[in-house]
Amino acid sequence: MKKNLISVIILALLIVNIALTAIMMFSVVGSSRKTAALVDNISTALNLELAANGNGEEDEKTAVPMADIVTYNVAEGEKMTIQLKSDGGEDAEQHFCIVSVTLSMNSKDKAYKKFGETLAEKDSLIKGEIFDAFGQHTVDEARDNQEEIKDEILERLQKMFDSEFIFNVVFNDIMVQ
């Protein structure tokens, strides 16, 4: 009789152990999923923050496949001499920036079909936007904040064409003096 009673007690303890293990597994799996989701959200937020600060990969520029990128050299690749804003110092010397600008365009965009082929006709308008963007900056700002100027030119051009088929601005052979 003692052996049967011990077997029944062992069986009851086994059933309790299995029940408690199942409860523990469900609680651990649930919190594990929540932790994984939290880590995913944090990593997504960090990637967005890095891209927004310019420290990560530039997702807009890499979103367009290389085969779909078309470039356009503003002013037919000639260097433009742009007068910069006076810094208001005692020297009151006029400063200039010499630069050639290349625009990167997405050939698969709807607006490219509308504007891309005839972009050379709008060259003077594009140069005007570039001159205005550079003209708002002093010589020190033009040296130190070239990315900001690129972004400003890009915004102006996207606003002018009311489209984002132009997705990147590149300065070639820039010289600020």
**Message:** How long is the straight-line distance from CD1 of I98 back to CD of E78, given to the nearest 0.5 Å?
**Reply:** 13.0 Å
**Message:** So, applying side-chain contact (heavy atoms from CB on, under 4.5 Å) with C97, which one of T81, I130, L84 is it?
**Reply:** L84
**Request:** Provide the closest heavy-atom pair for F115 versus F165 in the form atom of the first, atom of the second, distance.
**Result:** CB-CZ, 3.7 Å
**Prompt:** Are N168 and L154 side-chain neighbours, meaning at least one heavy-atom pair lies under 4.5 Å?
**Reply:** no
**Complete:** What one should report as the nearest heavy-atom pair of F96 and Q83 is CD2-CA, 3.6 Å
**Prompt:** Going from CZ on F161 to CG on L125, what distance comes out if it is rounded to the nearest 0.5 angstrom?
**Reply:** 7.5 Å
**Asked** Shortest non-hydrogen contact from K113 to K108?
**Response** NZ-O, 4.0 Å
**Straight-line distance of Q146 CD to I174 CD1, nearest 0.5 Å** = 4.0 Å
**Minimal non-hydrogen separation, I149 against A142, with atom names** = CD1-CA, 3.7 Å
**Prompt:** How long is the gap from CZ on F167 to OG on S104, to the nearest 0.5 Å?
**Reply:** 5.0 Å
**Prompt:** Are side-chain heavy atoms of V139 and R143 found at a separation under 4.5 Å?
**Reply:** yes
**Item:** Heavy-atom check, side chain of N17 versus side chain of L13, under 4.5 Å
**Value:** no
**Request:** Determine, for E152 against R156, whether the closest basic-nitrogen to carboxylate-oxygen distance falls under 4.0 angstrom.
**Result:** yes
**Message:** Does D162, at its CG atom, have more than 12 non-hydrogen atoms belonging to other residues, nucleotides or ligands within less than 6.0 Å?
**Reply:** no
**Request:** Check whether any side-chain heavy atom of I126 lies under 4.5 Å from a side-chain heavy atom of L119, and answer yes or no.
**Result:** yes
**From CG (L11) to CD1 (I6), nearest 0.5 Å** = 13.5 Å
**Asked** Relative to the ring of F134, is the ring of F171 parallel (under 30°), tilted (30 to 60°) or perpendicular (over 60°)?
**Response** tilted
**Item:** Heavy-atom pair of closest approach, residues Y72 and A120
**Value:** OH-CA, 3.4 Å
**Nearest-0.5 Å distance, CG of residue D109 to NZ of residue K114** = 11.5 Å
**Request:** Can you spot which of I69, D68, I166, T71 makes a side-chain contact (heavy atoms from CB on, under 4.5 Å) with M105?
**Result:** I166
**Message:** Taking atom NZ as the centre, does K79 end up with more than 12 heavy-atom neighbours from other residues, nucleotides or ligands that are less than 6.0 angstrom away?
**Reply:** no
**Message:** Could you check whether any side-chain N or O of T102 sits under 3.5 Å from a backbone N or O of V170, counting only pairs where one atom can act as donor and the other as acceptor?
**Reply:** no
**Request:** Report the C-alpha separation of H95 and V176 in whole Å, then their side-chain angles, then the decisive distance to 0.1 Å, and conclude whether the side-chain contact (heavy atoms from CB on, under 4.5 Å) test is met.
**Result:** CA-CA 8 Å; H95 297 280; V176 180; 6.0 Å; no
